[in-house]
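Basis for what follows: all heavy atoms, side chains included, without hydrogens, waters or symmetry-related copies. Residue numbering restarts at 1 for every chain, and letters A, B, ... go by the order of the sequence lines.
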Amino acid sequence: MSNKRNTVLVCQGTGCVSGGSEQVFSLLKDEIEDSGHAEDILIKRTGCHGFCQQGPLIVIEPEGIFYTKVKTEDMPEIIQALLPGGKPTERLLYRDPITDKPIPHYREIPFYNKQERTILKHCGYIDPEDINDYLEIGGYKALRKAISEMTPEGVISEVKGSGLRGLGGAGFPTGRKWESCRNVYGEIKYVVCNADEGDPGAFQDRSVMEGNPHSVIEGIIIAAYAIGAEKGFIYVRAEYPLAVNRLKIAIEQARQEGLLGNHILDSDFSFDLEIFQGAGAFVCGESTALVRSIEGKRGMPKVMPRPRTTEEGLWNKPTLLNNVKTFANIPLIISNGSEWFAQRGTEKSKGTAVFSLTGKVTNCGLIEVPMGATLRKIIFDIGGGVPGGKAFKAVQTGGPSGGCLPADMIDIPVDFDSLTKAGSIMGSGGLVVMDEDTCMVDVARYFLDFTQRESCGQCIPCRLGTRQMFEILDDITKGKGRHGDIDLLVELSESIKRSSICGLGKTAPNPVLTTLRYFRDEYEAHIHEKRCPAGVCMMQEENE
Amino acid sequence: MEEELLEDILASFKGKRYELVPILQEVQDNLGYLPEKAMLDIARFVGVPESHVYSVASFYAQFRLLPLGRKRVAVCRGTACHIRGAPQILSTIVKTIDLKEGETSDDLEYTLETVACIGCCALAPCIRINREVSGDMTPEKAKGLFLVKEGGEDVE
Ligand SMILES: Cc1cc2nc3c(=O)[nH]c(=O)nc-3n(C[C@H](O)[C@H](O)[C@H](O)COP(=O)(O)O)c2cc1C
Ligand code: SF4
Ligand code: SF4
Ligand code: FES
Ligand code: FES
């Protein structure tokens, strides 16, 4: 990447920043200057490297030496090790959790070498605040190719051919969405990137924006070219200040390079991009609510029957909405071709899946695997299993719209259709591991608490039904469950699913239905024996 | 002073309806919350009924209609944090600073809130004080954060 002897990558993703990596970065920079070796050693800020749990992280290339939990006090040793004849500081190396042996290079760590990082490939290696880094790895070549060698129809047919499905959760075929948006008549069209990331417990979209913002921007520009839009928005949560800041810098740099604005790359195509900060409502991730929110209204989904957003979106103009990761895949597909992309994955789910791997799992972080990888591979091979000798109990995917799958489903492949069949959903990328100390009724109660807070209140069954379900679950976890509660939960679930107008309500019962399907005995223990098998719920015995 | 600040902020916008949310965000960033008077001025500025500004401000979780403490303590209640003990962190902090969720102390020192997810889930459970995130919380560490910061004063 550079002609210096070593490149020191200092992770500045949100996780590592919370551990003090900004101070580490500036101290290291100063001290290298002072040591007189700045000629040989390049210090670089990067986005999330993936293994946030071990952060703050420092990686030294070309060897790939991997330092974990780095503090400012460690700088003298790290610098010493960088000088000619220096040896890696063993104390800071990652240790195998089982053998306790140090593993010096990240490529040898199972957390990394069992993954197939594709859209994350450059996250953690390039400086997200410097467009030159992105250009050096071939960035914006796909845009150049699209504009100079391909027609908009050609771009769409490439995306269709790749089999890419939207990574915001529902898995709608991206090429088909683009095609229908292109085919709608309209002088003015918009492209919107959904970076609302409302799933509580997921940070994959944030990490992509913080680690490689230009890959998302390049994907958006190509989409605009394909459908014929001149204006676009990135709708990003205001709770993500670092992502917002890096996107702003990236947009400005792209403008200066002539990649955004009038006559992009001297062609007839003009497009500009703006950031809109979402003000913190889960339902605004839903397409029609998101559109209203940008228009300055309360973010409530439009009532049925409503036109598709591709036909009537922002200010009633045709609008293309895709997720952050969907856009990040586009430059790769255009550069490498649809066949290259379609090599990975299963018959109906192509490409890779990015997950925030969290909860009761040894290795927490950001991971990427081909579609169709098994849960076992993710949780055990990459995640290192459950810590503390505890038993693995369940895994939750899809956030508040998804479900909990039990330990004996560990070998199912992770793709859109298998997860849906099992009662959960792929979702946007949250994957939360649960062990024997997790109470499944408490988890269901937790999610219904979330949805009843976030329901926008337009549909009575969603507003009142989720609250009633929450209250029943709350009672059960307090030892006040009654005979018939389970039937009542199922009945409420069905009516909420049937009569809600948006995905929030339609999917809100999923966490309850899947835990009832796979962990009914836990509900029964709470209700009939006033006992929480996992020992989480505080039962109020005195109840009759 | 507040008046001037508001005028300055409004001067940087065009007064279009779709600017409402960004204006509210900017005002809150500067004043810490949305005073009633500011909302009335904003309504006039973007040309919508006052009730519309209020309904938008009350819809989104980000907006605050009351002044906040100097230290905004946000406990994450996201899934990853919940599974790894966020409820105990919250109850410890509730006891330590003697505030309930959503409350601000009379001396405007603290506001205690919960948030859906801070985005640092690999370090769960997490809390955020103003802009600073701390991960891998335990009830002891959480308590320590307030004892150190306060030199033991605010705590019995
Ligand atoms: C309540 C609700 C919340 C949603 N939140 C998000 C979100 O945070 N991010 C996202 O990309 N899609 C979210 N979606 C899905 C979007 O409506 C939409 O399907 C998606 O952004 C389309 O992009 P894709 O085709 O690239 O997946 C949400 C849907 C619902 C019903
Ligand atoms: S009555 Fe309540 S739920 Fe209905 S629109 Fe008004 S605020 Fe929303
Ligand atoms: S289903 Fe719930 S969140 Fe969706 S529009 Fe209806 S009330 Fe609002
Ligand atoms: S933030 Fe540093 S590894 Fe994720
Ligand atoms: S769940 Fe707490 S930071 Fe994401």
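- Contacts with chain B were tallied for A:G15, A:S207, A:G201, A:C52; A:G201 has the most, counting heavy-atom pairs under 4.5 Å.
- In this structure, CD in A:Q204 is found 8.5 Å from SG in B:C121, a value given to the nearest 0.5 Å.
- The environment of CG in B:D106 is sparse: at most 12 heavy-atom neighbours from other residues, nucleotides or ligands sit within 6.0 Å.
- In this structure, A:Y446 contributes its side chain and B:T79 its backbone to a donor-acceptor pair below 3.5 Å.
- At a 4.5 Å heavy-atom cutoff, the contact between A:V361 and chain B is made by backbone atoms alone.
- Proximity to chain B (any heavy atom under 4.5 Å) is shown, for A:T14, by both the backbone and the side chain.
- When A:C48, A:A279, A:A243 are compared by the number of non-hydrogen pairs under 4.5 Å with chain B, A:A279 comes out ahead.
- Note: A:S293 OG to B:L20 CG = 10.0 Å, rounded to the nearest 0.5 Å.
- Ranking A:R237, A:K297, A:M434 against chain B, the residue ahead of the rest is A:K297, based on heavy-atom pairs under 4.5 Å.
- Within a 6.0 Å radius of NZ in A:K317, no more than 12 heavy atoms belonging to other residues, nucleotides or ligands are found.
- Taking OG1 from A:T438 and CZ from B:R84, the interatomic distance works out to 11.0 Å, rounded to the nearest 0.5 Å.
- Residue contact with chain B, scored on non-hydrogen atoms closer than 4.5 Å, is absent for A:P400.
- By the 4.5 Å heavy-atom criterion applied to side chains, B:P22 and A:F276 are counted as neighbours.
- For A:V17, no part lies under 4.5 angstrom from a heavy atom of chain B.
- A distance-only check finds no donor-acceptor pair linking the side chain of B:Q62 to the backbone of A:A238 [under 3.5 Å].
- The choice from B:C126, B:S134, B:A122 that makes the most heavy-atom pairs within less than 4.5 Å of chain A is B:A122.
- With a 4.5 Å cut-off on non-hydrogen atoms, A:F450 touches chain B through its side chain but not through its backbone.
- Per-residue counts of heavy-atom pairs under 4.5 Å with chain B were compared for A:G299, A:C364, A:G19; the largest is that of A:G299.
- Note: A:F203 leads A:W315, A:F203, A:F447 in heavy-atom pairs under 4.5 Å with chain B.
- In terms of modelled atom types and a separation under 3.5 Å, the side chain of A:R298 and the main chain of B:S55 share a donor-acceptor contact.
- Interface remark: A:A202 contributes backbone atoms only to the contact with chain B (heavy atom separation under 4.5 Å).
- Rounded to the nearest 0.5 angstrom, A:E239 CD and B:C117 SG are separated by 9.0 Å.
- Neither the backbone nor the side chain of B:A124 comes within contact range of chain A; no heavy atoms are under 4.5 Å apart.
- A donor-acceptor pair under 3.5 Å links the side-chain atoms of A:R206 to the main chain of B:I118, judged by distance alone.
- B:I83 touches chain A through backbone and side chain together, each having a heavy atom under 4.5 Å away.
- At a 4.5 Å heavy-atom cutoff, the contact between B:R77 and chain A is made by backbone and side-chain atoms alike.
- Here B:G78 is the residue among B:A80, B:G78, B:A116 with the most heavy-atom pairs under 4.5 Å with chain A.
- For a residue to count as touching a neighbouring chain, one of its non-hydrogen atoms must lie under 4.5 Å from one of that chain's; by this rule A:F282 does not touch chain B.
- The most heavy-atom pairs under 4.5 Å with chain B, out of A:S356, A:A281, A:G359, A:P241, come from A:G359.
- Interface residue A:C284: only side-chain heavy atoms are found under 4.5 Å from chain B.
- Ranked by heavy-atom pairs under 4.5 Å with chain A, the first of B:E19, B:R131, B:H82 is B:H82.
- Looking at A:Q53, both its backbone and its side chain come within 4.5 Å of chain B, counting heavy atoms on both sides.
- A salt bridge links B:E101 with A:R453: the closest approach of a Lys/Arg side-chain nitrogen to an acidic carboxylate oxygen falls below 4.0 angstrom.
- Within 6.0 Å of the OH atom in B:Y54, the count of heavy atoms belonging to other residues, nucleotides or ligands does not exceed 12.
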